[in-house]
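The structure under discussion appears below in the form of structure tokens.
Computed from a predicted structure; not experimentally measured. Each chain gets a letter, A, B and so on, in the order its sequence line appears, and its residues count up from 1.
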Amino acid sequence: MHHPDRDGEADGPRLVFLRVYEIARQIPYGRVATYGHIAQVMGPPVTAREVGDAMAALRDGQPDPPVPWQRVINAQGRVSTGQRQQTLLEQEGVTFSVKGVTDLGRFGWQGPDPDWAEAHGFHPLKNEGEEKQQLDLF
DNA sequence: CGTATGACCATGC
DNA sequence: GGCATGGCCATAC
């Protein structure tokens, strides 16, 4: 009854994916986070690419509670999965330029609440030196 | 085991 | 700003 390589996981999503989903659920309505940001919150050895893999796996079905996948976009400020995703975000109040680029300085998530991060074994985004001010949405 | 593919990203032109 | 390239790394075949 032991699976040496897949310790603790049956056929479900990989453990690291579930951790990614935990963080993604923290992204507030009307805000976006980049794959790289989430990877940074998780810390090494998790990479942005792996975060992308985790999000892609959602296509096979949403876990419970569901993950607000539309709020995870790429570092260019563009959605990675097509118009549908952008529309969902626009319905949350996130605006995009005609070229399909959003302003990460305005709508970008600043990372999880420090207390939440600590309680869940993550670490908040470390602001190197200067702190970016998060502008309030209206 | 080699090869191809992907919801990434930094860099350089 | 757009486009190409290389690095990265897990999965699928």
Side-chain angles (χ1 to χ4, degrees):
Chain A
M1 61 176 106
H2 260 264
H3 284 259
D5 41 341
R6 200 165 289 195
D7 186 38
E9 312 180 50
D11 281 27
R14 298 183 46 224
L15 204 52
V16 57
F17 284 10
L18 298 179
R19 294 284 279 168
V20 169
Y21 302 153
E22 276 187 79
I23 296 180
R25 290 190 188 98
Q26 300 302 305
I27 310 171
Y29 183 96
R31 285 291 202 12
V32 294
T34 69
Y35 301 93
H37 261 174
I38 292 180
Q40 201 174 328
V41 171
M42 298 201 51
V46 179
T47 66
R49 185 142 213 165
E50 196 166 3
V51 172
D53 290 340
M55 302 310 292
L58 292 175
R59 284 175 161 158
D60 297 332
Q62 281 276 344
D64 186 50
V67 176
W69 58 271
Q70 71 273 20
R71 298 181 194 146
V72 185
I73 67 176
N74 61 45
Q76 303 179 88
R78 303 167 49 95
V79 300
S80 294
T81 72
Q83 180 59 46
R84 167 80 196 294
Q85 183 180 9
Q86 181 173 325
T87 300
L88 286 174
L89 286 173
E90 287 170 339
Q91 289 172 355
E92 299 188 5
V94 179
T95 62
F96 290 81
S97 72
V98 188
K99 295 287 190 181
V101 181
T102 192
D103 184 354
L104 288 175
R106 183 174 167 195
F107 298 105
W109 183 45
Q110 295 306 99
D113 175 77
D115 290 327
W116 180 93
E118 172 122 20
H120 290 257
F122 298 111
H123 53 74
L125 288 186
K126 46 182 177 181
N127 313 327
E128 46 233 69
E130 55 185 324
E131 320 231 337
K132 291 182 180 177
Q133 294 295 343
Q134 174 66 52
L135 307 178
D136 273 333
L137 307 175
F138 307 93

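Here B:dA7 presents its P atom at 18 Å from CD of A:Gln83, a figure rounded to the nearest Å. The distance from atom CZ of A:Phe17 to atom P of B:dC8 is 13 Å, rounded to the nearest whole Å. For the pair A:Tyr21 OH and B:dA7 C1', the computed distance is 11 Å after rounding to whole Å. One can place CE of A:Met42 at 13 Å from P of C:dA10, the figure rounded to the nearest angstrom. Atoms OH (A:Tyr35) and P (B:dG6) sit 14 Å apart, rounded to a whole Å. To the nearest angstrom, C1' of C:dC8 lies 16 Å from CD of A:Gln40. A:Gln85 has its CD atom 7 Å from the C1' atom of B:dA7, to the nearest Å. If you measure from atom CG of A:Leu15 to atom C1' of C:dA10, you get 15 Å, rounded to the nearest angstrom.
Residues A:Met55 and A:Val67 have side chains in contact (heavy-atom distance under 4.5 Å, counting atoms from C-beta outward). Inter-residue side-chain proximity for A:Leu89 and A:Phe96 is flagged as met; some heavy-atom pair is nearer than 4.5 Å. Contact annotation: the side chain of A:Phe17 approaches that of A:Asp53 to within less than 4.5 Å [non-hydrogen atoms, C-beta and beyond].
Checking B:dA7, B:dC9, B:dG6 against the side-chain heavy atoms of A:Arg59 singles out B:dA7 as nearest. Listed nucleotides C:dG2, B:dA7, B:dC8 differ in distance to A:Lys99; the shortest reach to its side chain belongs to C:dG2. Comparing atom distances between the A:Trp69 side chain and each of B:dA7, B:dC8, C:dA10 picks out B:dA7 as nearest.
The aromatic rings of A:Trp116 and A:His120 lie parallel to each other, with less than 30° between the two planes, well short of the 60° mark.
Residues A:Gly36 and A:Asp53 each lie close to DNA chain B; by heavy-atom proximity, the contact nearer the 5' end of the strand is made by A:Asp53.
Side chain to side chain, A:Glu22 and A:Gln26 fail the donor-acceptor criterion of an N or O pair below 3.5 Å.
Within the 4.0 Å cut-off from OP1 or OP2 of C:dA10, not a single side-chain nitrogen or oxygen of A:Thr47 is found.
Residue contacts for A:Ala56: at a heavy-atom cut-off of 4.0 Å it reaches a base atom on one of the strands shown.
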